[in-house]
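Whatever order the structure lists them in is the order used to number ligands and atoms, beginning at 1.
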Amino acid sequence: MPVKNRFAELLPEITAWRRDFHEHPELLYDVHRTAGRVAALLRDFGCDEVVEGIGQTGVVGVIRGRSDSNGRVIGLRADMDALPITEQTGAEHASKTPGKMHACGHDGHTAMLLGAAKYLAETRNFDGTAIVIFQPAEEGGGGGDAMIRDGLAERWNIQEFYGMHNMPGIPVGAFAIKPGAMMAAADQFDITVTGKGGHAAKPHECIDTTLTAAQIIVALQSVVARNIDPLKNAVISVCVVATDSTAHNVIPHVVRLKGTARSLDAEVRDQLEEGIARVATNIAAAMGATAEVDYQRGYPVTVNDDQATVWAADVAREVAGDVDMTMQPMMGGEDFSYMLNTRPGAYIFVGNGDTAMVHHPAYDFNDDAIPAGASWYAGMVEARMPAA
Ligand code: NI
């Protein structure tokens, strides 16, 4: 099963959907146009069931195979939302909305999964049920979590989830995947250091918040360097240091720090949360100041099931001839993690070729990846639920 011939025929149609989504980017849960178009197309394809409004604006399509001898159900997921970035591609199909663009290729993911849905509804050459899932709000809104909390997995008895993301730097149409942690847990923290402001020439009458904050920034790196097992992965980055003072000669009363903490397993994540609070509050106390730490958990680690990774890689190898299984995990976050925390499954990268990186204003999804990506989605259904 190399690239399915049907997707060569469908390529102009899928490309047209992709470019239409690209011209009309929508943010977070406000993906009404995109979701409406997805639902209308799924109905056109003859899906057995099309349900809108799962996780606010998510769309689910149900495609039953020719037979259903053992109740198998596979979920395929794409994301639909864009980013608050002003596009600089100069493409003919560039965003018509200043300040919004599909800079992460979710337009391509949605179009490829629609292509797979059209093919699966035409052929139905499988034994079981395929669920095509279009989620809102991947870019920071937790749309995948919202769909799971809306009962996605239980309502359709989904047994495995498979997701795909394009990746610049990987040859177009090639695949990369690894078992275990694929994407990081992405958390953020705010530290408020309160001391005693005053005249910078009389530090003994103050409690110096900037000196305290500086020591906290340095000591936080000891959490990564000294508390975390050196064979594991962690990042703490302090990215903002803010005071309300602009004077050269005033010790500010309050200094605020903001940053991000990334990890690839749950234990390290707990250690980062505990360590940041411990270091910040105790360094502050040693300096006579106080530190209030607000640690906010973002998306969990995206963990590929070992067996599902093998199945996903097998299909990718059939489509592309080869699959890169030597890739390193990435420290970005991904909210498909919520689906993989609910049921086993796998998340795979499809190459976008030599393009600008995702989230860059010059990025554009590469339509040449469509036949491979759509073939992989459809192939997962046919491989996991072979026709009886
Ligand atoms: Ni993305």
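Annotation: side-chain contact (heavy atoms from CB on, under 4.5 Å) contacts of Asp244 (sequence neighbours excluded): none.
The closest side-chain donor-acceptor pair between Asp367 and Thr15, if any, does not fall under 3.5 angstrom. For Gln88 and His360, the side-chain atoms include no donor-acceptor pair closer than 3.5 Å.
Ring geometry for His165 against His109 counts as perpendicular: the plane angle is over 60°, on a 0 to 90° scale with 30° as the lower cut. Taking the six-membered ring where tryptophan is involved, the planes of Tyr119 and Phe7 are tilted, since the angle between them lies from 30° to 60°.
The number of protein N, O or S atoms lying under 2.8 Å from the Ni ion (ligand 1) is 3.
Using a cut-off of 4.0 Å between Lys/Arg side-chain N and Asp/Glu carboxylate O, Arg269 and Asp187 are scored as salt-bridged.
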